[in-house]
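Here's the structure, in structure tokens; my notes come after.
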Amino acid sequence: MATTFPEVESETMATATQAPTKYVFFFGGGKAEGDGKMKDVLGGKGAGLAEMTNAGLPVPPGFTIQTEACREFMKTGKTSAEIERQMKEALRSLETLQGQKLGGHDNPLLVSVRSGAKFSMPGMMDTILNLGLNDKSVEALATKSNNPRFAYDSYRRLIQMFGNVVLEIPKHAFDEVFDAKKKTKKAKLDTDLDAKTLKEVVAEYKKVVQKHAKREFPQDAVEQLAMARDAVFRSWNNDRAKHYRRMNNIDDMLGTAVNVQAMVFGNLGETSGTGVGFTRNPANGANEFYGEFLMNAQGEDVVAGVRTPVHISELKSVNPEAYEQLRQITTRLEKHYRDIQDFEFTIQEGKLYMLQTRNGKRTGLAAVKIAIDMVSEGLITKEEGFMRVEPNQLYDFLVPRLDEKSTKIEVLTTGLPASPGAAVGQIVFSAEEAVKKAGHGTTKNPVILVRAETTPEDIAGMEVAAGILTSRGGMTSHAAVVTRGMGKCCVAGAGEIEVHEKTKEMKVKGQLFREGDWLSLDGTTGRVIKGKLNTLPASPDDPMLRQLFAWSEPHRTIGVRANADIPRDAIQARAFGAEGIGLCRTEHMFFAEDRINHMRAMILATTEKDRRAALKKLLPMQRADFVGIFRAMDGFPVTIRTLDPPLHEFLPSREELMVQIGVLEATKPKSPKLKELKTLLKRVNDLHELNPMLGHRGCRLGITYPEITEMQARAILEAAVQVSKEGVKVFPEIMIPLTGGLKEMANQGAIVRRVAEEVFAEKEKKVEYLVGTMIELPRAALVADEIAKDAQFFSFGTNDLTQTTFGFSRDDINKFLPAYLSEGILKQDPFAVLDREGVGQLVRMGVEKGRKTNPKLKVGICGEHGGEPSSVEFCFQVGMNYVSCSPFRVLTARLAAAQAAYVKEHSGAEAGRTK
Ligand code: ADP
Ligand code: MG
Ligand code: MG
């Protein structure tokens, strides 16, 4: 029956007029077509403007061209006629509302063209102000405002911004003209230039445009608007924006919206101004009004450092009504959004206008403080409180920070927060000088190493410096990567600083600094501060943290353990709340001075008997290590891995030996040492492998040299029995590395169990223990059901599993990773964030198959991923019992695990909102 009228049906479908997509959303006159929830469509800025308009706040009217238009632009390279039509319609409404006309010759409408994506990307894309001015309308503006200076100031700003953003003319081309003008007029500030001079600037700017862009500055205002709109769309894909998205894991396909908004003017004279602020202090979270403003200024003047802005509290005396209104509005906004607001405003001839509001970015300290305060103010629930804190931000509590209460601080500039923490020291410009001044391993003479960028030759200087400051380079520059590894404060890419390494000087915003001058760095926010501030020590036991965890911990369902090889780390981890050790690597214990020789003797031994003799010497030492760790972890499980790395790692390098042999042959050919070295070299050559990562390591060692596993099992179990006799609650878990099948597991498991029986009989005491394995080869995940017949637990070694699944060597990935990321082939470094799509499948399969054979199988993870929030969430989702990470990431993992559980309890909840 349904097939009777197919043609008719399809015809109806085809002729039915589909409403065209709504591309343009108007706001103004007390109401908006969009609202605050429409961030996907309107972008964050557009949604905020709509919401503020609907709330009746003083927002200059305008319209938002939605993100779909940008996505179409990315596909087709142009803006469709439909979008053009809707835009012109909205423009007419705006003109009617304002009683003005864009490009009009007596009462011109001026607009700003502002980008705004779903997630805020501060300063990553570009804004154009005063659009609509041309040679005619500027005259009209001058007459109407009775302020020619203002009119020409606005015009020169437009040409400069339009020239830079739309016509891609370098900023300095304009700056040169402007600075030269200031010089000849002996003007110190921009505001010192009069109308006549600004008119000259305009004329010269137009020449700059002609020269660089090979075209005139467009006089047609509607053409200006179309060009500016398309430039904003294009700016979505500029390098800065792409880089920012990569760092913050924002989807490249989202696109940006474009906001076209009637201008209000902060540059109309001394009763006008512009400013930015936060409803609370974004650095430490204090509940205080925070921000800066400048009178007689426009747009980015406040943040661009052209003039020094004034603290927002001074607005109270400049314009008390506007100040009060601003406080009221922003307080209302904070209540409305239930989060700290970051806002922008302009005062035009005494009257306040709101230009932007959004949830403010904040440091980890501030995030926790604000969450706790807002819970006690009744603004948010406890759950919202802990869900808002991005788990990685807890790291801020673990590094020292600047004491900002003691002195007034002068922020010179803000660079990239490359490595968190604080550093205060005297400036040096070279690594040698750093070493000379700071001396080795002491902080008696703290220095800040200032470089344009660092290179590997600077390592020695970086090691002794209290902090590093560079003027070039990004979050993955040498300075950034190395300092993060060192856990040392670094501010990178502070582009406003000129570093002159030769003359040992640095200049920033007109101030000169020389070697020996004091500087304070905040690696958590990227601020570079003049002078010598005090620092506050790390505060892992901060009461605020305790409060936060009191709320989050009841939700957490999986355990958090730490990776620790020595008692000191184990104690540290426990202080952070670790519930056991998930990975104790035994090989580190063999490198100590008193042990390495026994280890080498063992490796050099040619018979089992000699090997056993050497191992016998190592036994008491290992046992003592385990005793220390068991005591530190009283009441908690400790997973100890048997020897994993290839044996050559315990011997000197081939090159080193050959040099020593060469020297001895030339100087003391009869020395007995020479013979010894030659034997060593021979053994090193024997052990040499082309692919040690895939070579004779892991359980392959224990299988070829069972006496090694025997000795280690004995050391572990004897230690366990000993401390258990002292009353310590001990739960050793002996872990076999790098198995790929049941037989490997069974082979090593049998050794451990036999030794256990021997030890228990000898000591006449039993302890409970487990034998299990790491799952770190794809094959192990594939046959996990088999392996689980013998293993009592699995621990996913996701470093090796990532290496072997991708076939990437972790140590060499940096040769191609940057290209992979910038080409979008990989979204993230798979060694940092667990690759759910590929490696994750193996993990999930391993857990499921393992539990099928052994429902009681305990499962955890001990790779680097165990402390990374998104990976922790994944581990929770696949049903692991615990995650294990480095001690300093335990807090992060605990919060991430609680958030993951909460998201599952309340589907739709979003974690880490302060990102
Ligand atoms: P960003 O996203 O980089 O903050 P914005 O689009 O917010 O860029 O614009 C930067 C600044 O330009 C704003 O802080 C504001 O001071 C100024 N501005 C933007 N639109 C207007 C307008 N319609 N009237 C006055 N000033 C504006
Ligand atoms: Mg803004
Ligand atoms: Mg491994």
Side-chain angles (χ1 to χ4, degrees), residues 27-28 39 42-49 52-53 57-65 91 94 97-98 100 102 108-133 141 145 150 153-154 157-158 160-162 164-165 225 228-229 231-233 235-236 238 240-241 244 256-268 272-278 291-304 306-307 309 312 326 330 333 341-349 351-361 414:
F27 57 90
K39 281 193 189 174
L42 303 177
K45 196 177 287 164
L49 289 170
M52 287 197 290
T53 303
L57 300 183
V59 176
F63 52 86
T64 303
I65 307 171
L91 179 61
L94 184 59
L97 185 66
Q98 294 287 91
Q100 296 174 314
L102 191 76
L109 169 69
L110 304 192
V111 295
S112 62
V113 177
R114 321 169 65 187
S115 61
K118 176 175 182 189
F119 300 105
S120 90
M121 299 165 57
M124 290 302 141
M125 293 182 292
D126 299 302
T127 293
I128 297 165
L129 303 179
N130 311 327
L131 190 133
L133 281 174
L141 189 65
S145 63
F150 150 72
D153 183 51
S154 302
R157 286 172 189 268
L158 169 64
Q160 188 173 340
M161 282 186 263
F162 192 93
N164 178 244
V165 178
L225 180 59
R229 172 200 62 207
V232 172
F233 287 152
S235 76
W236 174 258
N238 71 28
R240 270 179 303 162
Y244 186 89
T256 179
V258 177
N259 301 286
V260 177
Q261 186 177 26
M263 284 300 301
V264 285
F265 300 99
N267 55 338
L268 257 172
S272 303
T274 184
V276 297
F278 289 83
E292 293 175 322
F293 75 102
L294 268 178
M295 294 314 274
N296 200 6
Q298 191 177 45
E300 309 281 64
D301 289 0
V302 185
V303 282
V306 191
R307 283 187 279 151
I312 200 148
L326 183 63
T330 54
L333 285 170
Q341 294 300 295
D342 166 357
F343 56 85
E344 297 173 1
F345 66 94
T346 282
I347 297 171
Q348 175 174 314
E349 297 187 307
K351 184 170 169 4
L352 174 73
Y353 291 93
M354 297 304 296
L355 290 172
Q356 192 172 330
T357 193
R358 62 177 170 220
N359 294 341
K361 290 192 194 298
T414 302

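Keep in mind that what you see is a predicted model, and the values were worked out from it rather than measured. The chain is numbered in sequence order, starting from 1. Both ligands and their constituent atoms are indexed starting at 1 by order of listing.
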Can you tell me which portion of [X] lies within the under-4.0 Å heavy-atom range of ligand 1? Options are side chain, backbone, both, or neither.
X: L129; result: side chain
X: V264; result: both
X: A262; result: backbone

For [Y], is there any backbone N or O sitting under 3.5 Å from a side-chain donor or acceptor partner on [X]?
X: T256; Y: G116; value: yes
X: K45; Y: Q356; value: no
X: T274; Y: F345; value: yes
X: Q348; Y: F265; value: yes
X: S272; Y: E349; value: yes

Proximal ligand 1 atoms for [X], defined as those under 4.0 Å from one of its heavy atoms:
X: K45; value: 1 (P), 2 (O), 5 (P), 6 (O), 7 (O), 8 (O)
X: T127; value: 5 (P), 6 (O), 8 (O), 9 (O)
X: T274; value: 16 (O)
X: Q356; value: 4 (O), 7 (O)

Do Q298 and N130 meet the criterion of a side-chain donor-acceptor pair at a distance under 3.5 Å? yes
Ignoring hydrogens and angles, state whether a donor on the side chain of Q341 or T330 is under 3.5 Å from an acceptor on the partner side chain. no
Which one of V258, V113, V232 satisfies the side chain to side chain contact (heavy atoms under 4.5 Å, CB included) criterion with I65? V258
Atom of E344 closest to the Mg ion (ligand 2), considering N, O or S atoms: OE2
For ligand 1, is there an N or O atom under 3.5 Å from any N or O atom of S115? no
N/O to N/O below 3.5 Å, does that happen between E344 and ligand 1? yes
Is the distance between the Mg ion (ligand 2) and the nearest N/O/S atom of Q356 smaller than 2.8 Å? yes
